[in-house]
Engineer: 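Once you've had a glance at the structure underneath, I'll fire off some questions.
In what follows, chains carry the letters A, B, and so on, assigned in the order in which the sequence lines appear, proteins first and then strands, with residues in each chain numbered from 1.
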Amino acid sequence: MTDETAPLRPEARSPRGFIDRRARDLVAERQILTAVSAVYERYGFEALDTGAFEYADALGKFLPDADRPNEGVFALQDDDEQWMALRYDLTAPLARFAAQNWETLPKPFRRYAFGPVWRNEKPGPGRFREFTQCDADTVGSARPEADAEIIAMAAEGLAAAGLPAGSAVIRINNRKLLNGLLATAGVSDERQKLGVLRAVDKLDRLGPDGVRLLLGEGRKDESGAFTKGAGLNAAVAEAVLAFTAAGGGDRAGVLARLADIIGGSAEGDAGLAELAAIDGALKSLGVAEDQAVFDPAVVRGLEYYTGAVFEAELLLETTDEKGQPVRFGSIGGGGRYDDLVARFTGQPVPATGFSFGVSRLAAALRAAGRDLAAETRGPVVVIVFSQDDMAHYFAAAAELRAVGLAAEVYLGSSGMKAQMKYADRRRAPAAVILGGDEIAAGTVTIKDLDLGRELAAGISDNSQWREQRPGQINCPRSELVATVAKIVRGV
RNA sequence: GCCGCCUUAGCUCAGUUGGUUAGAGCGCCAGAUUGUGGCUCUGGAGGUCCUCGGUUCGAGCCCGAGAGGUGGUACCA
């Protein structure tokens, strides 16, 4: 102890892209998951939970390598030197699970899952490195009806979660259509096809003119940065643009228009047939035309999908704190991925699924005015006066709990004024005041904190405030539970 | 990943041409009014001026690098 050196303290901060969520956020997300799970189970999907980590090779192409050991995923080496990584979605673990248990699973295998996923990438507003996903998939059915059912279930799940009717639409496309179109035009290079998908994906942001540039040589944006294009010739680029513009109106109408544009290629016809079957099934399932539309502009992810793709889009337009209009856009999506399980088994296994971001949906519900979380209340707080009377306080709290009311005895060391502040901050509906006077008289004072707050707003004079004790009731001790219940439950 | 902007108290922000002890409002804590969350009054705590390096007699302020945030853009299983 010679020199007084500053103690080396860690800085209290959360890692980039990770957030703490308190009760008000968690309540909303739990409600969504409960409602959606009930819908999914009604459709015959079983719950499945897998571990947070997978061996890195099971996650696909994001293998840690010497150059970029953590690209995309959070990976670490186990003590046996095997690379393992936190899952980045729920589909890859499902594919692994299905492959691992294929011999014993009832097929088709239908399951839903929810839980945190992790992505090691740059976080942004509303975009984190850990977030909760909810996902449902059917593995082992190639029928378009399996896709239709996933779509119907997604629509019903979103509604059950609280999205008002008409505030979301599921857009449906099929990869085989564009593939067929490109095949007819003689485009077979995979990199070129990928470039086309990327270009089309930007349609809503850049418009047809921007996409036309990206389909061709490339595009220079306002900052001068150049994005290389797909290199299609002008005629093919126009055909692609005409294809993407064929949406709008009812599903049968879109199909008819697409048939004209795609015409003839084997793959395109297969895609059209699948969409027609999906349309038929959606009708039988009672999915309205405005809930699920065919839209050839939907791209949804890249390579991975092999057939139908879908995207759930929120139509709500709201304003943020600064009055700026906010569009939520895509809230979830999915599609058919017939090759994912085959990575493990070598056997082709058809699969289709849908997943959405839970906190994103919660944010949308909040914007739609369905913010149940704002109403979350704290427990009734029993005020502590004297160490000697602790038994009275605990007895009161126990009585309240026995009838299902949340209650707690204040366990800090501050005075009554601070305790009232504490109750206020906990959003307690009521405070129970059992001081020496009340105990001696066999009574209890109960303060309705909401009513008190309301009444206090009209009082500016201190003596008046003192006399009125706004929102307070003094009643016999035996009426404690009934009186508090009336305040909390309103009956 | 690339480009721009930003970073001072818990929050929102002032801070002069580089000059003594870095401020305000709100919030927080304590006290008075009162064994009572509001109002009013009194007092108090709270700072690595993002970090490291440089220039200077002297840096919150100037220069460089880095980190974090943010807005674009790219990527997005």
Engineer: If we only count heavy atoms from C-beta on, is the Val196(A) to Leu178(A) side-chain gap below 4.5 Å?
Structural biologist: yes
Engineer: Rounded to the nearest angstrom, tell me the gap between atom CD in Glu121(A) and atom P in A77(B).
Structural biologist: 10 Å
Engineer: To the nearest Å, how far apart are Ile19(A) CD1 and G69(B) C1'?
Structural biologist: 15 Å
Engineer: Which one, G35(B), U73(B), G37(B), comes nearest to the side chain of Ile433(A)?
Structural biologist: G35(B)
Engineer: Report the base-pairing partner of C29(B) (Watson-Crick or G-U wobble, both distances below 3.5 angstrom), or none.
Structural biologist: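 Result: G43(B).
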Engineer: Pick the C1' atom in G19(B) and in G60(B), then give their distance to the nearest Å.
Structural biologist: 13 Å
Engineer: Ring-on-base stacking between Tyr88(A) and A77(B), under 5.5 Å between centres and under 30° between planes: is it there?
Structural biologist: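 Stack criterion met.
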Engineer: Could you tell me the separation between the CZ atom of Arg127(A) and the P atom of U70(B), rounded to a whole number of Å?
Structural biologist: 13 Å
Engineer: When you measure only distances, ignoring hydrogens and angles, does the side chain of Lys447(A) come within 3.5 Å of the base of G35(B) through a donor and an acceptor?
Structural biologist: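 Donor-acceptor pair under 3.5 Å: no.
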Engineer: Let me know the distance between CG of Leu214(A) and C1' of A74(B), rounded to the nearest Å.
Structural biologist: 11 Å
Engineer: So if I take every side-chain heavy atom of Ala456(A) and compare against G38(B), U73(B), A77(B), which nucleotide ends up nearest?
Structural biologist: G38(B)
Engineer: Between A30(B) and U36(B), how many Å separate the two P atoms, rounded to a whole number?
Structural biologist: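 Taking atom P in both A30(B) and U36(B), they lie 13 Å apart.
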Engineer: Mind calculating the distance between CD1 (Ile446(A)) and P (U36(B)) to the nearest angstrom?
Structural biologist: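 In whole Å, U36(B) P lies 18 Å from Ile446(A) CD1.
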Engineer: Is C50(B) paired to anything, Watson-Crick or G-U wobble with both distances less than 3.5 Å, and if yes, which nucleotide?
Structural biologist: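 The base-pairing partner of C50(B), which may sit in any strand shown, is G66(B).
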Engineer: Can you tell me how far P in A59(B) sits from the matching atom in C63(B), rounded to whole Å?
Structural biologist: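 Between the two P atoms, the distance is 16 Å.
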Engineer: Atom NZ of Lys122(A) to atom P of U73(B): distance rounded to whole Å?
Structural biologist: 11 Å
Engineer: Which listed nucleotide (G69(B), G37(B), A74(B)) is nearest to the side chain of Arg16(A)?
Structural biologist: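 When the side chain of Arg16(A) is considered, G69(B) is the closest of G69(B), G37(B), A74(B).
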Engineer: Stacking between Phe385(A) and G35(B), defined as ring centres under 5.5 angstrom apart with planes under 30°, is that present or not?
Structural biologist: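 Whether judged by distance or by angle, Phe385(A) falls short somewhere, so it does not stack on the base of G35(B).
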Engineer: Decide yes or no for Ile433(A) and Phe385(A): does some side-chain heavy atom of the first lie under 4.5 Å from some side-chain heavy atom of the second?
Structural biologist: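 Contact flag for Ile433(A)/Phe385(A) side chains = yes.
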Engineer: Please tell me if Arg198(A) has a side-chain N or O lying less than 4.0 Å from either OP1 or OP2 of U73(B).
Structural biologist: no
Engineer: Say you draw a straight line from CD of Glu274(A) to NZ of Lys176(A); how long is it, rounded to the nearest 0.5 Å?
Structural biologist: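 Here the interatomic distance stands at 3.5 Å.
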Engineer: Atom CG of Leu197(A) to atom P of C75(B): distance rounded to whole Å?
Structural biologist: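 After rounding, the gap between these two atoms is 12 Å.
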Engineer: Which base, if any, makes a Watson-Crick or G-U wobble pair with G1(B), both distances under 3.5 Å?
Structural biologist: U73(B)
Engineer: Looking only at N and O atoms, is any donor in the side chain of Gln419(A) or the base of U36(B) less than 3.5 Å from an acceptor on the other one?
Structural biologist: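 Not at all, since no donor on one side and acceptor on the other fall under 3.5 Å apart.
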Engineer: Classify the ring geometry of Tyr410(A) against Tyr422(A): parallel below 30°, tilted from 30° to 60°, perpendicular beyond 60°.
Structural biologist: perpendicular
Engineer: Looking only at side-chain N and O atoms, does Asp137(A) offer a donor or acceptor that is under 3.5 Å from a partner on Tyr337(A)?
Structural biologist: yes
Engineer: For Lys202(A) and Gly471(A), find the nucleotide of RNA chain B closest to each by heavy atoms; which residue's nucleotide sits nearer the 5' end?
Structural biologist: Gly471(A)
Engineer: When rounded to the nearest Å, what value does the distance between P atoms of A9(B) and C2(B) take?
Structural biologist: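 After rounding to an integer number of Å, I get 29 Å for this pair.
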Engineer: Can you figure out which of A77(B), U73(B), U36(B) approaches the side chain of Val73(A) most closely?
Structural biologist: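 Nearest to the side-chain atoms of Val73(A), counting from C-beta on, is A77(B).
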Engineer: Rounded to whole angstrom, note down the C1' distance from U7(B) over to A14(B).
Structural biologist: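 Here U7(B) and A14(B) have their C1' atoms 15 Å from each other.
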Engineer: How far does CG of Asp135(A) sit from CZ of Phe354(A), to the nearest 0.5 angstrom?
Structural biologist: 9.5 Å
Engineer: If the condition is ring pair (Phe, Tyr, Trp, His ring centres under 6.0 Å), which residues does Phe109(A) pass it with, not counting sequence neighbours?
Structural biologist: Phe97(A)
Engineer: Could you give the distance separating G27(B) and G54(B) at their P atoms, to the nearest angstrom?
Structural biologist: 43 Å
Engineer: Please determine, for G23(B), whether a Watson-Crick or G-U wobble partner exists with both distances under 3.5 Å, and give it or none.
Structural biologist: C13(B)
Engineer: Measure the CZ-CG distance between Arg427(A) and Asp450(A) for me, rounded to the nearest 0.5 Å.
Structural biologist: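 Reported to 0.5 Å precision, the distance equals 7.5 Å.
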Engineer: If we take the C1' atom in both G10(B) and A45(B), what is their distance in whole Å?
Structural biologist: 12 Å
Engineer: Should A59(B) form a Watson-Crick or G-U wobble pair with both distances under 3.5 Å, which nucleotide is its partner?
Structural biologist: none
Engineer: Measure CZ/Arg129(A) against P/C75(B) and give the value in whole Å, please.
Structural biologist: 21 Å
Engineer: Can you give me the N/O atom pairs linking the protein to nucleotides 27-33 of chain B at distances under 3.5 Å, or say none if there are none?
Structural biologist:
| from | atom 1 | to | atom 2 | distance (Å) |
| --- | --- | --- | --- | --- |
| C28(B) | OP1 | Arg425(A) | NH2 | 3.2 |
| U33(B) | O2' | Asn462(A) | OD1 | 3.4 |
| U33(B) | O2' | Arg466(A) | NH2 | 3.3 |
| U33(B) | O4 | Lys417(A) | NZ | 3.3 |

Engineer: Measuring from atom CG of Asp461(A) to atom CD of Gln468(A), what distance do you get when rounded to the nearest 0.5 angstrom?
Structural biologist: 9.5 Å
Engineer: Describe the nucleic acid contact of Leu455(A) in one word from base, sugar-phosphate, nothing, applying a heavy-atom distance below 4.0 Å.
Structural biologist: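 Nothing, no heavy atom under 4.0 Å.
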Engineer: Is any side-chain N or O of Glu438(A) under 3.5 Å from a base N or O of G35(B), one able to act as donor and the other as acceptor?
Structural biologist: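 Indeed, a donor on one side and an acceptor on the other fall under 3.5 Å apart.
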Engineer: What I want to check is whether the side chains of Arg300(A) and Asn173(A) have a donor and an acceptor closer together than 3.5 Å.
Structural biologist: no
Engineer: Rounding to an integer number of angstrom, what distance separates C13(B) and U17(B) when you compare their P atoms?
Structural biologist: 23 Å
